[in-house]
4 protein chains.
Amino acid sequence: MTDAAPPAARTETGADLRRLILDHTRRLLVTGGYDGLSMRKIARGVGCSATSIYLHFEGKDALTHALIDEGMRRLYAELDAQAEDRPARRLDALCRAYVRFGLANPEYYQVMFQLHPERMARYPPEDYRRARRNVELFGEALADGAAAGVLRLVSSPDVAAMALWTALHGLVSLLLAERVDARVAGDAFIDAAVRQALAAFEVQ
Amino acid sequence: MTDAAPPAARTETGADLRRLILDHTRRLLVTGGYDGLSMRKIARGVGCSATSIYLHFEGKDALTHALIDEGMRRLYAELDAQAEDRPARRLDALCRAYVRFGLANPEYYQVMFQLHPERMARYPPEDYRRARRNVELFGEALADGAAAGVLRLVSSPDVAAMALWTALHGLVSLLLAERVDARVAGDAFIDAAVRQALAAFEVQ
Amino acid sequence: MTDAAPPAARTETGADLRRLILDHTRRLLVTGGYDGLSMRKIARGVGCSATSIYLHFEGKDALTHALIDEGMRRLYAELDAQAEDRPARRLDALCRAYVRFGLANPEYYQVMFQLHPERMARYPPEDYRRARRNVELFGEALADGAAAGVLRLVSSPDVAAMALWTALHGLVSLLLAERVDARVAGDAFIDAAVRQALAAFEVQ
Amino acid sequence: MTDAAPPAARTETGADLRRLILDHTRRLLVTGGYDGLSMRKIARGVGCSATSIYLHFEGKDALTHALIDEGMRRLYAELDAQAEDRPARRLDALCRAYVRFGLANPEYYQVMFQLHPERMARYPPEDYRRARRNVELFGEALADGAAAGVLRLVSSPDVAAMALWTALHGLVSLLLAERVDARVAGDAFIDAAVRQALAAFEVQ
DNA sequence: AATGAATGAGCTTTCATTCAT
DNA sequence: AATGAATGAAAGCTCATTCAT
């Protein structure tokens, strides 16, 4: 039959629908936040039925989790790309890459780090473990730096990394929330904040 | 003393309903976050009709804003109570008081600092101005310390205060979100993180 | 006691509140129609509590009925003022006065003639009787004209008057509803429509 | 013929729900008027959930508009069926068909011609254009009659048609509103009123 | 792989009205 | 004469999800 149509047409939507859904979900997250998200809005945006989303994701949670995982992988890719041998320089690069990633990907950042704990409780453990790798990169740089005597550590590398991460996260999230005074916010401020967060590790 | 006479008359209803509503709203915020909040749930919790809430608050926004303002005032009270003459000590006390407040009042903290910017856009300007006073307290301590030569500043007190605030906020919000590794989180970690944030201002 | 205040102050709001309510209700009717009417909106506009309206009117129905009655009286006053001895001229003047009144007082006209019959079912019979006087004025002019041989009647004056009224009502209500083509509506159109409605009574 | 096969499959549900909704909406309009209308009442009447209505109509407005359009088409069908060559007779038949339609379909008539202008403002322009075709039928009869010298016109056919329409509308709407004296209303009255409205076009 | 139809629960808000004061 | 507090009912609408096809 002629109306059996080109099979390629289906292929394009077929496996790619998953991608389309993820991408449009991200777009919606930027404008309306997590709560402004709805399966129907996503479907409308992608041009498929709401039901179709359930063919690719178990539910809203699973969709969100997929997005988180994707974000975590991308963040890792960016952080891991900071190929710098000297630990102090690497730490600095990691911080700046982290902030850059957050500001450039508000939608990922939101679901990755600003979701209600209850919602995260159902996050798959193995994904969680991978997510933690991101902070570990900071810990490794700190440990390397301490070993080389170029970074000063007063607590364990893990603790220091976690504390550093909280500082960076505060910077990113308040900037994204537009809570930093507009007259202050800007590259200069970001630079100052990152320096301030790193000052603790400077050897005199 | 004389005007203390008839307030008991309407203990359960009257002006007290406003308080009950605010209090129960806070309770709901802890468990379900801002999006888990609903006028009906609040009403059910306080034991009044959903309509009654509208007698005391113009709408959900106004109710939230009242809560934010209340939180900001309480935070200010706590920060302002850190009566310490020596600037460096005062700054330290401010930081610890801030974190303490956030962890002790997750519901306030959430609406105060983690609301979607769109939702904050409707926040009354005069309340906003008062809210900013909180960060200013940090700026004053920094300026005082710099003047006295006991704190080192590489940027303006305002910028430094804002950057310090972002660090503290990151600490509080990740702890509240239960995103800090349980094996790490604890008073020791908080102490380490605060020290790390303050290290930038230490004079060698 | 000094706070017993000037009694005149109360007098002004006292009996006059009824008037204020009626007047503001009319204003609301223009903008939002009957269904856009609400006791609270009225109260807000007048500056009194919603409860206070119930001191002056039994309910929304009674308030509406009072407005209808007032409108009917005003319409009667306008029609009755068309002092013209010659019946044909008087009839013409009555028609034009009717249309003028309707267009000038859309809020009255709406409740007077465009309310759902169910809502009118509770209208007090004695008021209804007075309302009917308005159409009777047309009937009298028609009867006078027929007796004088200057108006042609093919049905009883009552029937003819009623039919004439329906035509005028159609004109007014479609104009108020903005359903007459904007390029057509205007004084010329009104004039043409009234002439057309009166043509039936012309003696050759 | 072959594609007429499986429509019985979804007799109660499927595409038929749309019809059921429209029909029940009409029924509700008769008893309670436009303002007595509610999505829930409709749903209760059809035996479906309120949500289901939104599957077939975008909202209350769209539902109403669909009803208006349907009514306009039906009215047009009735008017257009008045196949009469002689213009004067055709005009008479049009008038009587119009009134007949209005009295027989109070629910359609209501939404078609008695809706608040604000509500009509959102009516789709292309539907509006079709609706206007109804009045144009009167204009054409008038123009034909004038050209043939059997109808007297003192204004343009368009204006005369519009004026005639307002008269008929007044007749229908006051009858539907039960505002015409019960002792008068009846076929004789309708006949008298229509004659009166048409008298203007009679050639002496 | 994809869909249209359907739903129950829920949302914020407004309504007319009553009651104690 | 006037009010603040309160309410049940209802409004229009959106939600995540299921199911038969």
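Naming convention: chains lettered A, B, ... in sequence-line order (proteins, then strands); numbering from 1 in each chain.
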*Asks:* D:L55 versus D:L17: any side-chain heavy-atom pair under 4.5 Å?
*Replies:* no
*Asks:* Look through every strand shown and name the nucleotide pairing with F:dA20 as Watson-Crick or G-U wobble, where both distances are under 3.5 Å.
*Replies:* E:dT3
*Asks:* Check A:H24 against A:I42 and note the closest heavy-atom contact, atom names and distance.
*Replies:* CD2-O, 3.7 Å
*Asks:* Determine, for C:R27 against C:D23, whether the closest basic-nitrogen to carboxylate-oxygen distance falls under 4.0 angstrom.
*Replies:* no
*Asks:* How many whole angstroms separate atom OH of B:Y54 from atom C1' of E:dT13?
*Replies:* 5 Å
*Asks:* Just how far, in rounded Å, is P of F:dC15 from NZ of A:K60?
*Replies:* 9 Å
*Asks:* In whole angstrom, what separates C:L28's CG from E:dA16's P?
*Replies:* 11 Å
*Asks:* Could you tell me the separation between the CD1 atom of D:I53 and the P atom of F:dC13, rounded to a whole number of Å?
*Replies:* 10 Å
*Asks:* So B:E107 and B:Y34, do their side chains get closer than 4.5 Å, heavy atoms only?
*Replies:* no
*Asks:* Taking the nucleotide of DNA chain E with the closest heavy atom to each, which residue, D:G47 or B:R40, is nearer the 5' end?
*Replies:* D:G47
*Asks:* Check the distance between E:dA1's C1' and A:F57's CZ and give it to me in whole angstrom.
*Replies:* 14 Å
*Asks:* Could you check which of E:dA2, E:dT13, E:dT7 has an atom nearest any side-chain atom of B:A50?
*Replies:* E:dT13
*Asks:* Identify which nucleotide among F:dA1, E:dC11, F:dG12 has an atom closest to any side-chain atom of D:S38, counting heavy atoms from C-beta outward.
*Replies:* F:dG12
*Asks:* Hydrogens and angles aside, do A:Y109 and A:Q114 bring a side-chain donor and acceptor to less than 3.5 Å of each other?
*Replies:* no
*Asks:* Can you tell me whether the side chain of D:T51 and the base of E:dG8 have a donor-acceptor pair closer than 3.5 Å?
*Replies:* yes
*Asks:* For A:K41 and F:dC13, what is the distance between atoms NZ and C1' respectively, to the nearest whole Å?
*Replies:* 12 Å
*Asks:* Once you apply a heavy-atom cut-off of 4.0 Å, does D:S52 come out as touching a base, just sugar-phosphate, or nothing?
*Replies:* base
*Asks:* What does D:L37 touch in the nucleic acid at a heavy-atom separation under 4.0 angstrom: a base, only the sugar-phosphate, or nothing?
*Replies:* sugar-phosphate
*Asks:* Whole Å only: how far is the CG atom of B:D61 from the C1' atom of E:dC11?
*Replies:* 14 Å
*Asks:* If E:dG10 has a Watson-Crick or G-U wobble mate with both distances under 3.5 Å, name it; if not, just say none.
*Replies:* F:dC13
*Asks:* Mind calculating the distance between NE2 (A:H56) and C1' (F:dA16) to the nearest angstrom?
*Replies:* 18 Å
